[in-house]
Amino acid sequence: MATFLYRTGRAAFRRRWLVTLLWAVLLGAVGLGAVKAPASSDDGTSFMPGIEAQQAFDLIGERFPGTDADGAGARIVFVAPEGEKVTASGSRAAIDALVSKAAAEPAVANAVSPFTAGAVSKDGSTAYATVNFKEKAADLTDTDKAALEKAVGEARAAGLTVEVGGDALAEQPAADGSAEAVGIALAAVVLLITFGSLAAAGLPLLTAVVGVGVSMASVLALGSTFGLSLTTGTLATMLGLAVGIDYALFVVSRYREERANGHDAREAVGLAAGTAGSAVVFAGLTVVIALAGLSVIGVPMLTKMGLCAAGAVVVAVLVALTLVPALLGMWPNAVLSRGMRKHGHEGGRPAAGALNGDADNGGSRWARFVLRRPVSVLVACIAGLGILALPATRLEMGMPGAESKPVSSTERRAYDALAEGFGAGFNGPLTIVVDAEGAADPKAAVREMAKDIRATSGVVSVSAARFNPAGDTALFSAVPTAGPNTEATKDLVKTIRSERAGLERTTGATFEITGSTAMNIDIAEALQNALVPYLTVIVLLALLLLLVVFRSVLVPVKAAFGFLLSVLASLGAVVAVFQWGWGAGLLGVEQTGPIMSLMPIFLVGIVFGLAMDYEVFLVARMREAYVHGDPAPQAVVSGFRHSARVVVAAAVIMIAVFSGFIASGESMIKTIGFGLAVAVLFDAFVVRMTLVPAVLALLGDKAWWLPRWLDRLLPHVDVEGAMLTASPEHGTGSASGDPARQTPAPV
């Protein structure tokens with residue numbers, strides 16, 4: 001692989017104008033496709049096949065023809081002035097006028113008055129009307145909404161407090177690019193400090209933007225075909241931008257190092273592509289595998305998010321291996337430091353100690369600090385991350401709705417008004433779907449079931465049943481006592497389902513529970529059950545991949561253990577902030593609650609890939625020094641001397657990019673942005689930069705031990721290009737080319 005990438009880098013350098021033109025043409029083509037493609041519209045028909053709530057939802061669509069569950073809806077809540085009732089003549093007239101105007105609009109499927117549906121609270125202070133549109137919320141135009149918004153304004157003018165829940169008039173999230181802009185700006189500062197050159201800082205930013213442009217244009221072009229949402233594109237942007245900058249940073253940094261060692265520009269590009277480029281390929285592969293592996297969870301939305309983000313990472317890898325060398329060919333000296341340009345860089349001898357150099361820097365000094373007290377450092381790292389991980393034991397997963405919105409939104413005020421007027425459980429009714437095909441008397445069976453469910457502790461009321469035209473299926477609602485995301489409601493759903501077998505024996509009919517509350521409960525439970533198996537698969541994959549790369553038994557175990565620590569600590573931080581509310585105000589989180597069900601699974605997949613990135617780039621340089629003859633402790637110092645600075649810069653860039661998304665108005669993006677930022681912070685600085693050298697110091701030579709029989713079985717993967725840099729063909733002739741030196745003898 002290293003030789004192939006070496007040749008690829010040299011070819012891109014030689015044909016730099018052609019490579020650059022091809023990327024420009026590709027960007028233009030997918031950009032044109034994005035402009036011409038119809039607007040994306042997620043089908044939304046099946047969030048998670050296999051769970052009961054989804055099966056019941058599908059049964060409704062099958063047995064109740066003409067039922068459009070996908071159309072946008074608005075629940076308009078009316079609250080009478082203090083001491084008055086909504087049934088008073090003036091208030092009633094204003095409500096009836098609003099409903100009549102809404103029903104007359106061509107975009108509205110139906111509008112139901114609270115006085116017709118009996119949707120008035122017992123004390124008469126609160127009522128709600130339901131307006132259903134023919135199209136989904138994302139497809140509604142401003143004209144479609146204008147008449148309803150005007151009618152709402154007139155009702156408010158009549159003295160009523162009017163709030164609108166549902167998704168019809170909710171503000172749709174818009175991609176304003178502010179998060180990306182903040183991330184790019186912070187990354188530019190880090191790169192400028194790292195390289196001390198505007199050109200060297202600008203090149204990774206430029207290539208990352210090109211890669212993200214290609215990825216996002218592709219998502220937009222294919223959005224209508226595959227139902228790709230705005231959230232999907234945002235996450236692909238987040239990862240594409242972060243890894244795009246980092247991968248280009250690694251290649252440019254290695255190019256500068258090879259130029260400092262005396263190689264000309266073309267050879268330095270080839271060596272950078274063959275060494276750092278090999279590590280980029282492997283690191284990118286780990287991220288892609290982790291993201292693509294999300295498809296096995298069985299959630300279509302999660303699959304789309306994972307595959308789109310994986311595609312963005314693939315593009316970032318291709319850009320780093322082709323476009324970066326091409327641009328280096330156009331400005332071979334611009335990315336060099338001022339000192340290198342001043343003292344010359346063509347030809348020349350490699351600097352003394354290019355591999356094992358004695359010149360100290362921050363990385364080598366830090367490594368020596370850790371090596372002097374490995375036990376204390378190791379205990380401090382494990383204890384600190386363990387304490388941070390404790391809140392993760394109280395993780396509650398759900399799908400927060402209007403209750404998680406800020407109180408400044410009309411959706412949240414509508415939610416609160418309904419809870420006050422009708423009870424907390426009114427915002428999360430359970431929809432009971434009765435399949436009475438096998439019952440001798442379907443209506444009697446439905447009555448028996450409704451009576452039994454109404455008598456269940458925790459149920460406030462049960463609505464009248466509605467039968468389908470065939471008369472073999474019925475729907476009715478059960479209103480819980482507690483709110484939608486409470487443990488009491490989750491227990492109630494389990495209790496009602498536990499009664500199903502007995503009712504089926506006595507009535508000949510069966511039922512399933514659906515609705516938004518039951519759907520969220522089932523999704524959260526399914527994903528929580530999938531979290532541990534998925535985490536297990538990811539850890540085993542990490543062990544296998546690192547075993548091949550480092551040809552060591554203990555290094556992969558240490559890497560996987562560190563990954564678990566960083567993941568659990570980041571989940572603990574997410575729970576503390578977004579569930580418990582610690583410091584939530586500082587991040588603009590106005591309402592705490594359960595963690596979005598998708599978030600932990602997605603966090604595990606992404607952090608796995610990023611953790612392996614830093615493991616490869618940092619530890620590979622240690623192994624390279626070790627196989628060249630350094631004692632084990634000195635190999636750790638040498639690895640830090642060569643790679644610590646660029647790994648720190650890469651981690652800070654990742655943190656900056658992810659932190660930019662904390663400002664997002666969409667709760668899931670905000671949560672994931674925070675989770676990824678703290679995960680990179682913990683993994684890069686606590687695990688890879690601190691725990692790893694402490695463990696390696698304690699293990700000594702044993703860290704690189706591999707049984708001979710396993711050494712023969714494993715394929716040889718030259719991630720750091722040791723064979724490439726040793727080849728006389730490439731002008732370095734070194735003992736490292738001796739195959740006998742590539743793997744240390746077992747200890």
Side-chain angles (χ1 to χ4, degrees), residues 12 15-43 138-139 141 172-185 187-188 202-249 251 280 284 287-288 291-292 303-331 653 657 660-661 664 666 669:
R15 303 181 183 276
R16 46 193 172 273
W17 291 107
L18 175 61
V19 172
T20 305
L21 178 62
L22 289 176
W23 275 106
V25 170
L26 177 61
L27 180 59
V30 293
L32 181 62
V35 172
K36 296 294 184 180
S40 173
S41 179
D42 194 343
D43 57 23
D139 298 331
T141 65
Q172 297 299 313
D176 58 5
S178 60
E180 293 89 335
V182 171
I184 291 175
L203 192 147
L205 294 176
L206 174 62
T207 55
V209 169
V210 170
V212 169
V214 171
S215 302
M216 288 310 303
S218 301
V219 169
L220 293 175
L222 300 174
S224 60
T225 304
F226 296 104
L228 305 179
S229 66
L230 178 64
T231 300
T232 301
T234 303
L235 293 172
T237 301
M238 182 191 301
L239 281 176
L241 186 60
V243 301
I245 295 174
D246 274 8
Y247 293 167
L249 165 65
V251 174
V280 164
V287 181
V288 168
L291 292 171
T303 299
K304 294 173 185 177
M305 291 162 61
L307 292 179
C308 284
V313 173
V314 170
V315 172
V317 171
L318 294 176
V319 166
L321 297 177
T322 57
L323 184 58
V324 170
L327 294 179
L328 288 174
M330 293 182 182
W331 300 283
I653 289 171
V657 172
F661 288 85
S664 172
E666 194 167 350
I669 299 300

Item to check | Residues V319, V214; criterion side chain to side chain contact (heavy atoms under 4.5 Å, CB included); working and verdict | outcome: CA-CA 10 Å; V319 166; V214 171; over 6 Å; no
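- Here the straight-line distance linking atom CG of L22 with atom CG of L26 works out to 8.5 Å at 0.5 Å rounding.
- Of all heavy-atom pairs between A188 and L205, the closest is CB-CD1, 3.4 Å.
- Taking 4.5 Å as the limit, every side-chain heavy atom of V317 sits out of range of all side-chain heavy atoms of V288.
- Partners of S218 by side chain to side chain donor-acceptor pair (under 3.5 Å), not counting sequence neighbours: none found.
- Contact record, A236 with A312: O-CB, 3.6 Å, taken as the closest heavy-atom pair.
- Every residue meeting the side-chain contact (heavy atoms from CB on, under 4.5 Å) condition with L21, not counting sequence neighbours, appears here in chain and number order: V25.
- Judged as a side-chain contact (heavy atoms from CB on, under 4.5 Å), and not counting sequence neighbours, the contacts of L327 are T20, L203, L206, T207, L323, M330, W331.
- The minimum heavy-atom distance linking V324 with A248 is given by the pair CG2-CB, 3.8 Å.
- The side-chain contact (heavy atoms from CB on, under 4.5 Å) test applied to A292 returns L307, not counting sequence neighbours.
- Residues V212 and T237 approach most closely at CG1-CG2, 3.9 Å, considering heavy atoms.
- Nearest approach of V313 to G284, heavy atoms of both residues: CG1-O, 3.9 Å.
- Closest approach of P325 and A12 over heavy atoms only: CB-CB, 3.9 Å.
- The list of side-chain hydrogen bond (donor to acceptor under 3.5 Å, both in side chains) pairs with a residue in residues 313-324, not counting sequence neighbours, reads W23-T322.
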